[in-house]
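Worksheet: the structure to be examined is printed underneath.
This is a predicted model, so every value here is computed, not measured. Throughout, a chain's letter reflects where its sequence line sits, starting with A, and its residues are numbered from 1.
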Number of protein chains: 2
Amino acid sequence: MNKVESAISLLRSKSIRPSIARIKILEYLSHTTEHPTVEMIHTSLLPAIPTLSKATVYKTVGLLVEAGLARLLYGEDCEAHYDADISDHGHFQCTRCGKIYDFAVNLALLETEGLERFAVTERNVFFRGACPRCLSE
Amino acid sequence: MNKVESAISLLRSKSIRPSIARIKILEYLSHTTEHPTVEMIHTSLLPAIPTLSKATVYKTVGLLVEAGLARLLYGEDCEAHYDADISDHGHFQCTRCGKIYDFAVNLALLETEGLERFAVTERNVFFRGACPRCLSE
DNA sequence: TTATTAGTATGTACTCATTACAATAATATA
DNA sequence: TATATTATTGTAATGAGTACATACTAATAA
Ligand SMILES: [Mn+2]
Ligand SMILES: [Mn+2]
Ligand SMILES: [Zn+2]
Ligand SMILES: [Zn+2]
């Protein structure tokens with residue numbers, strides 16, 4: 001199964017009609033580690049889909065998050081970043097360059113207390129600091 | 001040492017001149033579990049300080065965060081929430097009512113991989129889901 | 001005390017991400 | 001085909017946050 005088919009079947013599995021915009025946006029999210037913003041997604045796809053509007057990007061990423069095909073992160077700048085990697089992993093944002101990095105984290109080992117009567121649907125681990133690249137400058 | 005003295009000495013310890021606005025804002029943050037936004041802080045303190053402007057609240061909470069006297073959380077709505085409890089603890093935001101709750105978490109047990117060359121200065125654990133109150137409706 | 005200065009607070013205008021909405025285009029169904 | 005439904009677009013509005021110039025306050029010096 002190639003990239004496009006994979007995106008299409010993912011969308012179909014969530015009963016989302018696989019339009020060009022949706023396929024391309026999901027594909028783009030699936031093949032980047034950048035955790036892009038709406039602005040970045042729009043800019044990146046505009047050459048391929050010249051008619052793509054930001055409104056569509058906003059709507060589509062909202063749809064993907066709601067369907068569980070992507071996750072939403074808020075960075076330092078209070079801008080929404082999107083990530084098609086929905087597996088358990090932590091995020092590190094560099095306070096100097098703003099880049100968001102993935103890291104492995106064992107959430108199963110995390111002991112919490114006080115959430116007995118809560119229905120937890122989403123677990124985020126978000127670290128901040130300086131990345132190696134910025135540290136070496 | 002009473003509330004006011006405590007806020008004053010906290011500010012002094014960070015070389016921040018304890019003006020009325022700063023004392024009241026820090027005090028308010030220290031005695032609420034609400035994780036208020038700038039809007040909420042401003043509304044709550046306006047009766048006591050009728051001349052308090054939002055610009056001052058923005059500036060002051062920024063100052064407090066920079067000094068390490070408060071922490072900044074981004075909720076679902078991409079609005080900044082402030083918390084004077086700077087001890088290690090996790091946050092849970094209810095996706096229905098928007099309320100942010102504290103919970104105990106043992107961050108020391110959290111195993112991470114891939115951050116060896118990063119300088120981590122801030123660790124956040126952020127969960128989402130439904131709170132007991134919303135679940136019982 | 002008054003004058004000078006630095007630090008603090010205020011109001012306003014602005015930026016910009018996000019949302020709302022109505023109009024248009026595309027797609028599915030009959 | 002015609003008709004209904006869904007998707008996309010452009011634009012206007014919203015609202016959090018920032019920038020900045022002005023006004024105010026408090027500390028220090030003369
Ligand atoms: Mn990620
Ligand atoms: Mn808290
Ligand atoms: Zn960096
Ligand atoms: Zn709730």
Side-chain angles (χ1 to χ4, degrees), chain A residues 7-8 11-12 14-28 35-67 69-70 72-82 93 95 98 100, chain B residues 7-8 10-12 14-28 35-67 69-82 93 95 98 100:
Chain A
I8 291 177
L11 291 167
R12 286 233 172 88
K14 299 293 181 179
S15 307
I16 298 172
R17 192 191 289 177
S19 67
I20 296 293
R22 288 166 178 175
I23 294 167
K24 291 288 183 189
I25 290 172
L26 179 52
E27 247 185 84
Y28 177 71
H35 305 89
T37 62
V38 163
E39 177 75 32
M40 292 160 74
I41 297 169
H42 184 244
T43 303
S44 300
L45 293 181
L46 209 52
I49 318 171
T51 59
L52 184 68
S53 74
K54 264 192 200 172
T56 299
V57 180
Y58 274 107
K59 257 213 145 171
T60 303
V61 290
L63 210 62
L64 295 178
V65 169
E66 206 181 350
L69 294 177
L72 168 56
L73 308 172
Y74 283 114
E76 180 186 15
D77 44 8
C78 198
E79 234 183 314
H81 295 255
Y82 294 90
Q93 183 169 37
T95 53
I100 296 177
Chain B
I8 290 178
L10 270 174
L11 290 167
R12 287 235 170 87
K14 300 291 181 179
S15 307
I16 298 173
R17 191 191 289 176
S19 66
I20 296 293
R22 290 166 177 174
I23 295 167
K24 290 288 183 188
I25 289 171
L26 178 54
E27 246 186 84
Y28 176 70
H35 305 90
T37 62
V38 164
E39 177 76 33
M40 290 159 77
I41 297 169
H42 184 245
T43 304
S44 300
L45 293 181
L46 209 50
I49 317 171
T51 60
L52 184 67
S53 74
K54 265 192 199 172
T56 299
V57 180
Y58 274 109
K59 254 210 148 175
T60 303
V61 290
L63 208 64
L64 295 178
V65 169
E66 207 181 349
L69 294 177
R71 66 160 68 174
L72 167 57
L73 307 172
Y74 284 115
E76 179 185 16
D77 43 9
C78 196
E79 234 183 314
H81 295 254
Y82 295 89
Q93 183 169 36
T95 53
I100 296 177

With nearest nucleotides of DNA chain D determined for A:Leu63 and B:Lys54 from heavy-atom distances, which residue corresponds to the more 5′ nucleotide?
A:Leu63

Can you tell me if CG on B:Leu46 sees more than 12 non-hydrogen neighbours from other groups inside 6.0 Å?
yes

What is the distance, to the nearest angstrom, from the NZ atom on B:Lys24 to the P atom on C:dT8?
18 Å

Quick check on D:dT8: is either OP1 or OP2 less than 4.0 Å from any side-chain nitrogen or oxygen of A:Ser53?
no

Give B:Thr37 one of three labels, base, sugar-phosphate or nothing, depending on what nucleic acid heavy atoms sit under 4.0 Å from its own.
nothing

Specify the separation, in whole Å, of atom CD1 of B:Ile49 and atom P of C:dA9.
9 Å

Do A:Arg17 and A:Leu11 have side chains that approach each other closer than 4.5 Å (heavy atoms only, starting at C-beta)?
no

B:Tyr58 OH to D:dA19 P, in whole Å, measures 13 Å

Does A:Ile20 CD1 have over 12 foreign heavy atoms under 6.0 Å away?
no

Approximate separation, where rounding is to 0.5 Å, of B:Leu69 CG and B:Thr60 OG1
12.0 Å

For the residue pair A:Lys54 and A:Glu39, establish whether any side-chain heavy-atom pair is separated by less than 4.5 Å.
yes

Hey, does the side chain of A:Thr51 come within less than 4.0 Å of D:dT9's phosphate (OP1/OP2), counting only N and O?
yes

Are OP1 or OP2 of D:dA7 and a side-chain N or O of A:Ser19 less than 4.0 angstrom apart?
no

Are A:Arg22 and D:dA7 close enough that a side-chain N or O sits under 4.0 Å from OP1 or OP2?
yes

Once you round it to whole Å, what is the distance between C1' of D:dG17 and OH of A:Tyr74?
15 Å

Quickly work out the A:Ile16 CD1 to C:dT27 C1' distance and round it to whole Å.
17 Å

Tell me: CZ of A:Arg17 to C1' of D:dT6, nearest whole Å?
5 Å

Provide, to the nearest angstrom, the distance between the CD1 atom belonging to B:Ile41 and the P atom belonging to D:dA16.
13 Å

To the nearest Å, give me how far apart CZ (B:Arg12) and C1' (C:dG7) are.
15 Å

Heavy-atom nearest nucleotide on DNA chain C for A:Ile20 versus B:Ala55: which residue maps closer to 5'?
B:Ala55

